[in-house]
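A short write-up of the structure that comes next.
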Number of protein chains: 2
Amino acid sequence: MSDTVPIAPKPDEIAPRRAGDKVLDAAETLFYAQGIRAVGVEEIVNVAGVGKPSLYRAFGSKDDLIVAVLQRQEGGFWSRLDEAVAAYPGDPRAALTAYFHGAAERSKQPGYRGCAHSNAAVEYPEESAVRVEALGFKRRQRERLTDMAAAMGADDPQALADELLLILEGIYVTRQVHGPDGPAQRAGEAAEALIARRLGG
Amino acid sequence: MSDTVPIAPKPDEIAPRRAGDKVLDAAETLFYAQGIRAVGVEEIVNVAGVGKPSLYRAFGSKDDLIVAVLQRQEGGFWSRLDEAVAAYPGDPRAALTAYFHGAAERSKQPGYRGCAHSNAAVEYPEESAVRVEALGFKRRQRERLTDMAAAMGADDPQALADELLLILEGIYVTRQVHGPDGPAQRAGEAAEALIARRLGG
DNA sequence: CAAACAACGTACCGATCGGTTACATGACCC
DNA sequence: GGGTCATGTAACCGATCGGTACGTTGTTTG
């Protein structure tokens with residue numbers, strides 16, 4: 001994830017989840033919707049329907065909980081990217097193009113608030129475990145895009161990847177400040193143009 | 001401003017500034033460097049070297065102070081944009097290109113942390129005076145870019161402006177998550193490419 | 001059946017949050 | 001000198017912050 005709105009925690013009647021899982025669900029939803037610093041642990045445990053010690057038994061501290069939420073959300077990003085890649089076997093250019101069109105589309109959904117990791121980095125500008133986790137994902141994201149640019153046959157994979165990253169982060173933030181009908185809707189086309197310029201076609 | 005690092009409050013020995021001005025200076029520096037929610041009023045008045053009542057006499061509340069800081073910072077953005085426009089009279093395309101190259105260059109300076117208004121919108125996702133102020137600037141920014149795109153002779157000024165906004169917000173955020181040698185350095189070239197695609201040349 | 005253990009919630013902790021009050025001080029102006 | 005205005009000091013407010021001591025419950029295990 002890291003750029004989709006968390007699905008509402010499902011009722012735990014079918015699979016009686018542990019208190020820690022409920023905390024993680026609640027924290028993910030609340031952090032994404034309201035921002036990390038704006039959400040207190042009290043509110044998290046209330047929404048999760050558990051006691052405060054359950055949070056601290058499972059995660060040790062609010063910071064550790066934040067990191068755990070970010071780690072879970074990172075998986076979502078890779079899932080969606082891998083999905084696009086799998087949809088166009090042997091054609092990383094088509095995969096990446098599809099991914100950007102999909103990202104623009106996803107940004108229209110209500111409650112969308114961009115990339116949780118980027119938001120976290122903005123909320124935690126000073127050195128901290130949260131920032132380390134957020135920046136770590138961003139580095140892996142950049143590496144992966146660079147690899148894909150190389151696989152596309154770009155002369156300068158890093159340059160192409162970085163140009164696409166500008167668009168990607170642009171989606172995340174413009175959606176938040178300009179709404180669902182803002183610049184983010186041009187992202188697919190813009191990404192295609194930047195790819196075409198460095199690859200031809 | 002809104003994307004340059006605040007200059008350190010100058011010593012008030014020459015022009016004995018009012019307490020409210022010192023508060024505004026300190027708040028601008030602290031908010032930009034550490035984030036808004038991370039800074040308490042106590043720290044602000046300490047750095048400003050004034051008493052807490054001075055803050056509340058001048059601004060009424062922390063929220064009002066935040067709004068005042070954002071309003072001051074907005075002026076900086078218009079100054080820099082107007083400067084680029086003035087440097088290329090009658091050539092909005094050259095002006096905008098220069099602006100993007102300049103923005104990429106500025107993003108390298110230490111302490112750069114992107115656009116204060118975008119950051120504020122991330123920190124305040126729920127309706128509030130702060131968010132209203134931040135989003136108001138972002139709307140004016142988009143309108144101005146659209147006007148310039150129209151002046152360039154773009155067939156679809158809104159489309160070009162929005163593509164450039166993706167790059168612009170991309171600069172702001174990628175600098176924060178990827179550092180001064182990250183994707184932001186490709187912004188000038190990317191902006192030129194997107195402009196050329198819609199204008200020819 | 002009972003001891004042991006894991007999981008959990010109630011109630012509380014000190015610290016800090018944004019904001020306020022009362023008052024002393026000093027510069028300026030007539 | 002007396003008044004006004006802007007300021008700083010310091011103590012304080014209720015609310016909320018992240019975090020914990022401790023007792024209760026429910027299940028397992030002998």
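Throughout, a chain's letter reflects where its sequence line sits, starting with A, and its residues are numbered from 1. This is a predicted model, so every value here is computed, not measured.
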Subject >> Shortest non-hydrogen separation from Ile171(A) to Leu166(B) and the atoms involved >> reply: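 Looking at all heavy atoms of both residues, the shortest contact is N-CD2, 3.7 Å.
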**OP:** Write down the atom of Val39(A), the atom of Ile44(A), and the distance for their closest heavy-atom approach.
**Re:**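 Distance-wise, the nearest heavy atoms are CG1-CG1, 3.6 Å.
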**OP:** For Lys52(A), check salt bridge (Lys or Arg N to Asp or Glu O under 4.0 Å) against everything at least two apart and list the hits.
**Re:**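 Per chain and number, Lys52(A) pairs via salt bridge (Lys or Arg N to Asp or Glu O under 4.0 Å) with Glu42(A).
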Subject >> Qualifying residues under salt bridge (Lys or Arg N to Asp or Glu O under 4.0 Å), relative to Arg139(B), sequence neighbours excluded >> reply: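 Partners of Arg139(B) under the salt bridge (Lys or Arg N to Asp or Glu O under 4.0 Å) test: Glu143(B).
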**OP:** Shoot me the first and last contacting nucleotide of DNA chain C against chain B, ordered 5' to 3', at under 4.0 angstrom to non-hydrogen atoms.
**Re:**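 Footprint of chain B along DNA chain C, 5' to 3': dG18(C) to dT21(C).
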**OP:** Could you check whether the rings of Trp78(B) and Phe137(B) sit parallel, tilted or perpendicular, using 30° and 60° as the cut-offs?
**Re:**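 The arrangement is perpendicular - the two ring planes meet at more than 60°.
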Which side-chain N or O atoms in residues 92-99 of chain A pair as donor and acceptor under 3.5 Å with protein atoms at least two apart or in another chain?
residue	atom	partner	partner atom	Å
Arg93(A)	NH1	Gly200(A)	O	3.0
Arg93(A)	NH2	Gly200(A)	O	3.4
Thr97(A)	OG1	Arg93(A)	O	2.8

Original post:
What is the distance from CZ of Phe59(A) to P of dT20(D), rounded to the nearest Å?
Top reply: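 Atom-to-atom, Phe59(A) to dT20(D), this comes out as 16 Å.
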Original post:
Leu65(A) CG to dG18(D) C1': how many Å, rounded?
Top reply: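 About 12 Å, once rounded to whole Å.
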**OP:** Evaluate salt bridge (Lys or Arg N to Asp or Glu O under 4.0 Å) for Glu192(B) paired with Arg197(A), printing each intermediate quantity in order.
**Re:** CA-CA 12 Å; Glu192(B) 281 193 61; Arg197(A) 188 175 72 97; over 6 Å; no
Original post:
Within the structure, does a side-chain N or O atom of Tyr56(A) lie under 4.0 Å from either OP1 or OP2 of dT20(D)?
Top reply: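 So the side chain of Tyr56(A) is outside the cut-off, no N or O lying under 4.0 Å from OP1 or OP2 of dT20(D).
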**OP:** For Val45(B), answer base if it contacts any base atom (sugar-phosphate contacts may also be present), sugar-phosphate if it contacts only those atoms, and nothing otherwise; contact means non-hydrogen atoms under 4.0 Å.
**Re:**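 Result for Val45(B) = nothing.
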**OP:** Apply the side chain to side chain donor-acceptor pair (under 3.5 Å) test between Ser118(B) and each candidate in Glu169(B), Gln141(B), Glu123(B); give the one that qualifies.
**Re:**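 Exactly one candidate clears the test, Glu169(B).
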**OP:** Whenever both distances are under 3.5 Å in a Watson-Crick or G-U wobble pair, mark it; put DNA chain D into dot-bracket that way, with [ ] for crossing pairs and | when the partner is on another strand.
**Re:** ||||||||||||||||||||||||||||||
N/O-N/O pairs, protein side and nucleotides 5-10 of chain D side, under 3.5 Å:
residue	atom	partner	partner atom	Å
dT7(D)	OP1	Ala19(B)	N	3.1
dG8(D)	OP2	Ser54(B)	OG	2.5
dG8(D)	N7	Arg57(B)	NH2	3.2

Original post:
Tyr124(B) ring centre to Arg37(B) NZ or CZ under 6.0 Å, with the angle to the axis within 45°?
Top reply: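 Judged by the rule, Arg37(B) and Tyr124(B) form a cation-pi pair.
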Subject >> Gln34(A) vs Glu43(A), side-chain hydrogen bond (donor to acceptor under 3.5 Å, both in side chains): CA-CA, chis, key distance, verdict >> reply: CA-CA 11 Å; Gln34(A) 305 177 27; Glu43(A) 188 178 0; 3.3 Å; yes
